[in-house]
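Structure first, then comments.
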Protein chains: 2
Amino acid sequence: MDNNGLKKVAVFGSTGSVGRQALDIIRAFPDKFQAAGLAAGNNLKLLKEQINEFRPGMYHSSSRIDYTSKFLPLEEIACSPEIDLIIMAIPGSVGLAPTIAAIRSGKTIALASKEILVMAGEHVFKEALQQQVQILPLDSEHSAIWQCLSGEKSKPEKIFLTASGGPFYNYSHTRLKKVTAEQALCHPTWKMGKKITIDSATLMNKGVETIEAHWFFSLPLESIKILIHPQSIIHSLVEFVDGSMKAQLSATDMRLPIQYALSYPERIANSELPRLDLENMSPLTFKAVNYSKFPCLKLALDAARMGDTYPAVLCAADEIAVELFLSGQIAFTEIAILIEKALEKHTCTKQPSLEEILQADSWARSYVRTQGEAL
Amino acid sequence: MDNNGLKKVAVFGSTGSVGRQALDIIRAFPDKFQAAGLAAGNNLKLLKEQINEFRPGMYHSSSRIDYTSKFLPLEEIACSPEIDLIIMAIPGSVGLAPTIAAIRSGKTIALASKEILVMAGEHVFKEALQQQVQILPLDSEHSAIWQCLSGEKSKPEKIFLTASGGPFYNYSHTRLKKVTAEQALCHPTWKMGKKITIDSATLMNKGVETIEAHWFFSLPLESIKILIHPQSIIHSLVEFVDGSMKAQLSATDMRLPIQYALSYPERIANSELPRLDLENMSPLTFKAVNYSKFPCLKLALDAARMGDTYPAVLCAADEIAVELFLSGQIAFTEIAILIEKALEKHTCTKQPSLEEILQADSWARSYVRTQGEAL
C-alpha cells in the first residue's frame, strides 16, 4: 500500500467472471484501489479494453509469450514490488506456481481459484505461515465464515457451508441422466462462470469448498458440514463450543465478498451493491444433503480424506469431465463416473512436492480425456 | 479476577429468572466462576438455599436491613474489592444506584435490568467511559448484536432487533381487550419472568430494547429496526455499510447469553446448553412490525426520542400498569392507555440528574397507580 493508502492490485483472471467483478470494485474506488497488474487467458479483446481503461503497469495473456517491458510472465507480475495484493482467479492448475511465487514475495492473496488449495493447500499455507502472508477467501461461502469468525478468540466447533442445491436438486437419477448443458447452466440463484455453474449442479463445488475451508480455517474435515439452503441468502454459518451460531447474509452478488477482501479489515459503503429486504424475503429453509444422488460430493470428500495427490486428481478429472459434458460428449451423470475412475486408477504419491502434484494433475487430465472419448 | 483465573461474580437479583440461570452457569464451572456475592428481593427462602450452596462472602435481601458483617447493603457489595463482575438483574429502578457505584469502583457490569439504561443510559455510559469499565449485555437480542459486531472495525449501518411478536401478534384489537393475565403469561418461544413476558406480549419489550441498543452500541435510534421473527431462532441481525449482514442464532435459552457475558472474550463448551438442529428446523420468517396494533412500542420509541425524564416515566408507568393487569385490575389494552397518560401528564426535567430521574420514576409510579385504580 503506498503512502496515500492506495492498494495496488493485480487481477489474475481479469477477463473471467470474478476478475471482471473485481475490476468493477476497483473502478468504483479509484482513491482506494489501483489495478496495477492484469492477467488474462485467451480473451485478448477484453484484456485490451481493460488495459486501455485501467492503464496497468504490467499485464499478461496466456495466449502471448513475446514479452515486452510491460507484457510480462505471470510470476514476474506476482513478485513485482508494484503489487500489494493479488486477486487470484485463474481457473485450473495454472495459478498454483504464481500463487506460491507471490506468497514468497510477501503479497496478500485474495483467492478465488479453487484448485490451488484443493491441489496444494498444505504447501500454500505452509509458505504463507513462513512468510506471514494473508490468504483471504473470495468465495461467498468462505467469506461468510471469515466474516463470522472475525474477533472470535477460539476456533469454531463446526462450520456449515450452505448450498443452493443447484438446478437439479429434486431430479430423479433417470432425469439427471438426460440433463443438457443448457439446463445445467441455468443456476437458480447465482450468475457465475460455466465451469463453476456445472460444479454447482453436480455439488462438486461443495466438496471442493469443504477442502478449501479445511485449509482456510485449519479445521478437520469432520467439522465442516454441508447444508442445503435453496434461497442462497445465508452464505454460511459457524457454530461455537457454547452452541451459539453466527451466519452471514447478503444478496447473491460476488462483488460483496470481493470488495470485503479488498477493503479488509475495513468495510466500505457501496451503493452499487444490492441489499437484502428482510421484511419481504422468502422463508429461509435448510435441509440435509442427499449424498447418494450427488456422487461428486462424496468423491470430493473421499479424495480429501485420502489426501496426498488424490485431491489434485479430483480437480483435474472434474475439469476435463465438465468440459466433455459442456461439449455434449458425455452425459451429466457420467461426470462423476469419470472422476471416480480416475481416482481408482491413480497411483498416489505420498507427501507430494508441487511438481508431483502437477504431474498427478496432468495424468488425470489425459486419463479422463481418453476415457471420456471412449464412452 | 484472581491469580487462578477465577472470576468473582456478584449476582444481583439472584432469585429471579436471570439470576438463577446465572447461578446455573457459575455452578457448572467452579474453576472459572465464583458466586462471591448474592442479592435478592423478598424470596428469603431461595436466597438462604443459594447462600448454603454457594457460600458467598456477602449477601443482601431487600426485605432485611439489620446488616451484619456478611449481610450488607447493595452498594457495599457493588463496591467490594472481592468482586470482579456484577450480574445486574434486579428489576425496576432499584438497581440504578448500585450500578453507578459499581462502575465507579471499576467493576465489569453484565446488565440484564432493562430499566437502568432506559432511565439513565447517558449517565451510565458517561461513567463507564470515564472509568474504562465494560458494560456487557445479557439480553439475548443485545448479546446477539454484540457477538455479531465482534472484530468489526466500524459501526453497523443498521441493527435489527428480532421479536417473536408474543402470543397475541395476530389478535384483533377487540380480542386483545379481553386477553387474560394467564393467556399473556404463555410466551410462545421463551420462558421468562412475569413482567418481561407481559412486556413481550405488548411489545413494550422491543421499545425498551431499542433504547438499550441505542446506548449499548451508541447508535442513533433511527438505525435500530424491529423485525417480527416468530421462530425466535435468529436473536438479532446487524447490517454493515457494504450491505453484508450478520446474524446470531441459537436455541431460546438465556443461559447462553449469560455464559457468553461471563466467559467473554472466550467461549466455553457447555454440554448443558441446547443446540440448534438446522436440518430439522421450521423455516425462518421475518415480517414488518404492526405499530398501530401495539401502541406500547410506539410510546417507547416516542419517549426515547423525547429523552430527558420521559424514558424513566415510560418504564415506571409500564411497571405499575403491568402489575395492575396481572392483578386483574385493568385490561391488557389499558396498559398502553395508562402509559400514554403518564407521558402526557409528565412535566419533563431537561438534562436530569440521577436524583431527578428517580423523582420522575416515583411520580410516574404513583400517578399510574392512582389512575389505574380510578379506571
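Chain identifiers are assigned alphabetically (A, B, ...) following the order of the sequence lines, protein sequences preceding nucleic acid strands; residue numbering begins at 1 within each chain.
Taking each heavy atom of Glu279(B) and Ala288(A) in turn, the nearest pair found is OE1-CB, 3.3 Å. When all heavy atoms are compared, the tightest approach of Ile268(B) to Val241(A) is C-CG2, 3.7 Å. When all heavy atoms of Ser250(B) and Gly243(A) are compared, the closest pair comes out as CB-O, 4.1 Å.
Within the 4.5 angstrom heavy-atom criterion, atoms from both the backbone and the side chain of Glu152(B) approach chain A. In this structure, the portion of Gln259(B) lying under 4.5 Å from any heavy atom of chain A is its side chain and not its backbone.
Heavy atoms from other residues, nucleotides or ligands lying under 6.0 Å from NZ of Lys293(A) number more than 12.
At a cut-off of 3.5 Å, with distance as the only test, no side-chain donor of Ser154(A) or Glu266(B) sits close to an acceptor on the other residue.
Of the listed residues Lys225(B), Gln147(B), His229(B), Lys287(B), the one with more heavy-atom pairs under 4.5 angstrom with chain A than any other is Gln147(B). Between chain A and the options Ser271(B), Pro265(B), Pro274(B), heavy-atom pairs under 4.5 Å are most frequent for Pro265(B). In terms of non-hydrogen atom pairs under 4.5 Å with chain B, the most contact-rich of Ile228(A), Leu149(A), Leu227(A), Asn270(A) is Leu227(A).
Here the CG atom belonging to Asp242(B) is positioned 12.5 Å from the CZ atom belonging to Arg255(A), to the nearest 0.5 angstrom. One distance of note links OG1 of Thr162(A) with CG of Leu278(B); it measures 10.5 Å at 0.5 Å rounding. Rounding to the nearest 0.5 angstrom, the gap separating the CG atom in Leu276(B) from the CZ atom in Phe160(A) is 9.0 Å. Within the model, atoms CD1 of Ile234(B) and CG of Leu284(A) stand 6.0 Å from one another, a figure rounded to the nearest 0.5 Å.
Of the possible polar contacts, one joining the Ser150(B) side chain to the Gly151(A) backbone as a donor-acceptor pair under 3.5 Å is found. Remark: the backbone N or O of Cys148(B) is not paired with any side-chain donor or acceptor of Lys246(A) at under 3.5 angstrom.
A salt bridge links Arg275(A) to Glu157(B): one of the charged nitrogens lies within less than 4.0 Å of a carboxylate oxygen.
Annotation: side chain of Phe240(B) is in contact with side chain of Arg267(A) (closest heavy-atom distance under 4.5 Å).
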